[in-house]
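Throughout, a chain's letter reflects where its sequence line sits, starting with A, and its residues are numbered from 1.
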There are 2 protein chains.
Amino acid sequence: MSTSPSRRFKDDVFEQFARIGKAVASPKRLELLDILCQGPRTVEVLADQASLSLANASQHLQVLRAARLIEAEKSGLFVTYRLAEGVEGFYLGLRHLAEARLAEVEATTRAWLEQRGAMESVDGSELLQRALSGDVTVLDVRPAEEYRAGHLPNARSVPLAELRSRLGELPTDREVVAYCRGPYCVLAIEAVRVLREEGFSAVRLETGPPDWRAAGVPVEAGS
Amino acid sequence: MSTSPSRRFKDDVFEQFARIGKAVASPKRLELLDILCQGPRTVEVLADQASLSLANASQHLQVLRAARLIEAEKSGLFVTYRLAEGVEGFYLGLRHLAEARLAEVEATTRAWLEQRGAMESVDGSELLQRALSGDVTVLDVRPAEEYRAGHLPNARSVPLAELRSRLGELPTDREVVAYCRGPYCVLAIEAVRVLREEGFSAVRLETGPPDWRAAGVPVEAGS
DNA sequence: CGACTAATCAAGAGATCGGTTGATTACATG
DNA sequence: CATGTAATCAACCGATCTCTTGATTAGTCG
């Protein structure tokens with residue numbers, strides 16, 4: 001059976017589209033994209049954060065690069081990968097679609113949060129407004145370096161690892177809002193747990209820098 | 001080696017996200033989504049338009065359904081599939097990303113169009129404005145049934161199959177704008193070729209109903 | 001009820017994908 | 001130039017995916 005030329009054309013086109021699809025068909029590659037939404041990273045860091053072997057991470061990154069979703073830049077001994085133009089928006093769109101349509105995502109997160117005893121879910125945008133307003137203490141509990149790369153205007157950097165030892169710095173009469181990398185990062189969840197243990201009134205802001213950028217919320221850089 | 005609970009959580013979450021990715025990792029499934037952007041269809045029609053065997057189409061549709069991208073409704077002997085909420089936007093986003101980032105898509109289309117001798121590429125949005133303004137003849141060359149489901153305000157339905165025999169209906173002193181299902185549908189390309197052969201000044205509008213809906217362009221229904 | 005049809009199910013062959021391991025390349029540094 | 005390190009390449013196995021074929025399930029109609 002012979003194929004019509006227009007069929008061949010369509011097959012070609014959709015084959016191309018599917019390259020993007022195939023690139024985001026693997027959980028690990030999605031996780032790499034998620035990490036890269038935070039900013040450029042070297043292969044080693046990516047492999048570490050995504051719990052992959054170096055070789056495996058490198059392979060996944062090359063798949064993403066072949067689909068033009070990320071770009072590589074070699075400087076000296078290190079290769080730094082960054083998201084390509086327009087990919088952050090696409091990834092967030094995929095995530096939102098998954099959250100909206102797959103009840104399982106909600107179920108998984110709920111299960112995790114409940115197990116950590118942190119379930120009161122404050123309305124996200126309202127909480128973000130309060131964080132921006134300045135009448136709560138806003139904590140950025142990511143590693144200091146990530147804080148430097150971009151953070152909420154009046155957030156102070158207190159990496160989770162240092163939180164316990166720096167509790168004295170925090171005013172005890174104000175509510176504390178903690179955030180980290182986004183909805184599926186666990187740093188802020190842990191931070192809130194610690195803060196509550198120590199008697200603070202703390203809540204978690206579920207969104208992170210990528211979400212804010214996409215929504216046009218101002219994100220400061222530097223210390 | 002034991003995995004930390006937070007690693008397990010992340011793995012679960014990204015596994016869920018990847019369900020969406022896997023669903024759009026196949027060219028055939030993307031084509032099915034593309035067709036469904038035009039409106040609900042039965043399995044048989046989908047199989048036919050995508051050049052798939054019935055069983056194969058059914059399988060692909062079930063993959064899409066498992067990812068909650070489409071919904072099925074059985075009425076009598078037929079099962080009608082439709083896009084789920086928010087999926088059209090996601091699909092268009094994927095397509096735009098592919099067009100923007102994969103030079104190969106551009107190359108494929110260009111090759112096809114050149115071969116058909118139809119390469120002058122008029123600016124899309126400007127052409128759409130002219131089509132809406134009413135001072136050109138606008139032809140919807142899709143099957144009549146699809147015209148009825150939604151079309152540009154002052155377009156008239158002239159299915160490609162009937163075009164040659166109905167050329168007399170068209171004013172000869174005005175430019176003709178023909179459109180079909182979208183950028184990767186070949187009906188309008190063929191229509192423009194025919195029209196030019198017959199002495200008309202004709203151009204193709206590359207966008208289609210899904211694009212217009214996404215852009216907020218009014219789309220009328222009925223005859 | 002029996003014939004017919006839309007759609008799905010089930011099983012299998014072949015291709016593709018994912019991750020591991022060990023070697024190799026490319027660059028920096030003493 | 002020898003050494004060390006970031007990253008990639010190459011080969012391989014098991015798992016998953018795709019499509020085909022043939023049987024099966026639901027629903028319609030005479």
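Other residues, nucleotides and ligands contribute at most 12 non-hydrogen atoms within 6.0 Å of the CZ atom of B/Arg8. Within 6.0 Å of atom CD in B/Glu85, 12 or fewer heavy atoms from other residues, nucleotides or ligands are found, so the atom counts as exposed in its surroundings. Heavy atoms of other residues, nucleotides or ligands lying less than 6.0 angstrom from CD of B/Glu197 number more than 12.
The distance from the CZ atom of B/Phe90 to the CG atom of B/Leu69 is 7.5 Å, given to the nearest 0.5 Å. Interatomic distance, A/Arg181 CZ to A/Glu146 CD, rounded to the nearest 0.5 Å: 4.0 Å.
Considering only residues two or more places apart in sequence or on other chains, B/Tyr91 meets the ring-ring contact (aromatic ring centres under 6.0 Å, His included) condition with none of them. Partners of A/Ser58 under the side chain to side chain donor-acceptor pair (under 3.5 Å) rule, at least two apart in sequence or in another chain, are A/Gln62. In this view, A/Tyr179 and A/Trp212 satisfy the ring-ring contact (aromatic ring centres under 6.0 Å, His included) rule, not counting sequence neighbours.
For residues 147-161 of chain B, no pair satisfies side chain to side chain donor-acceptor pair (under 3.5 Å), with sequence neighbours left out. Counting only residues at least two apart or in different chains, ring-ring contact (aromatic ring centres under 6.0 Å, His included) contacts with residues 27-49 of chain B are absent. Within the structure, ring-ring contact (aromatic ring centres under 6.0 Å, His included) contacts touching residues 17-59 of chain A (residues at least two apart or in different chains) are A/Phe14-A/Phe17, A/Phe17-B/Tyr184.
Here B/His60 does not reach the OP1 or OP2 of D/dC17: none of its side-chain N or O atoms lies under 4.0 Å away.
Within residues 29-43 of chain B, the residues that have a heavy atom under 4.0 Å from DNA chain D are, in order of number, B/Arg29. Residues from residues 5-18 of chain B lying near DNA chain D, meaning a heavy-atom separation below 4.0 Å, are absent.
Remark: C1' of D/dC17 and CG of B/Leu61 are 17 Å apart, rounded to the nearest angstrom. The nearest whole Å value for the distance from the CD atom in A/Glu73 to the P atom in D/dA7 is 13 Å. Distance OH (A/Tyr81) to P (D/dA7): 9 Å, rounded to an integer number of Å. Atom CG of B/Leu54 and atom P of D/dG22 are 15 Å apart (whole Å).
At the heavy-atom level, B/Leu52 lies nowhere under 4.0 Å from the strands shown.
Annotation: side chain of A/Leu152 is in contact with side chain of A/Leu205 (closest heavy-atom distance under 4.5 Å).
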Taking N or O atoms only and anything under 3.5 Å, show me the protein contacts with nucleotides 9-15 of chain D, one pair per line.
unit_1 : atom_1 : unit_2  : atom_2 : d
D/dC9  : OP2    : A/Gln62 : OE1    : 2.3

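Between A/Pro183 and the options A/Asp211, A/Thr207, A/Val105, A/Thr109, a side chain to side chain contact (heavy atoms under 4.5 Å, CB included) holds for only A/Asp211.
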Next item on the list: May I have the step-by-step check of side-chain contact (heavy atoms from CB on, under 4.5 Å) for B/Val13 and A/Trp112, ending in yes or no?
Entry: CA-CA 11 Å; B/Val13 168; A/Trp112 166 265; over 6 Å; no

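In 5' to 3' order, the nucleotides of DNA chain C bounding all contacts with chain A (an atom under 4.0 Å from a heavy atom) are C/dC17 to C/dA28.
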Note to self: Does the protein touch nucleotides 24-30 of chain D at the base, only the backbone, or not at all? Give it as B, S and - per nucleotide, heavy atoms under 4.0 Å.
What the structure shows: --BBS--

Throw together a table of side-chain donor-acceptor distances under 3.5 angstrom for residues 44-55 of chain B, partners on residues two or more places apart or in other chains.
unit_1  : atom_1 : unit_2  : atom_2 : d
B/Ser51 : OG     : A/Arg7  : NE     : 2.6
B/Ser53 : OG     : B/Asn56 : N      : 3.1

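Heavy atoms only, all atoms of each residue included: A/Pro209 and A/Arg142 are closest at CG-NH1, 3.4 Å.
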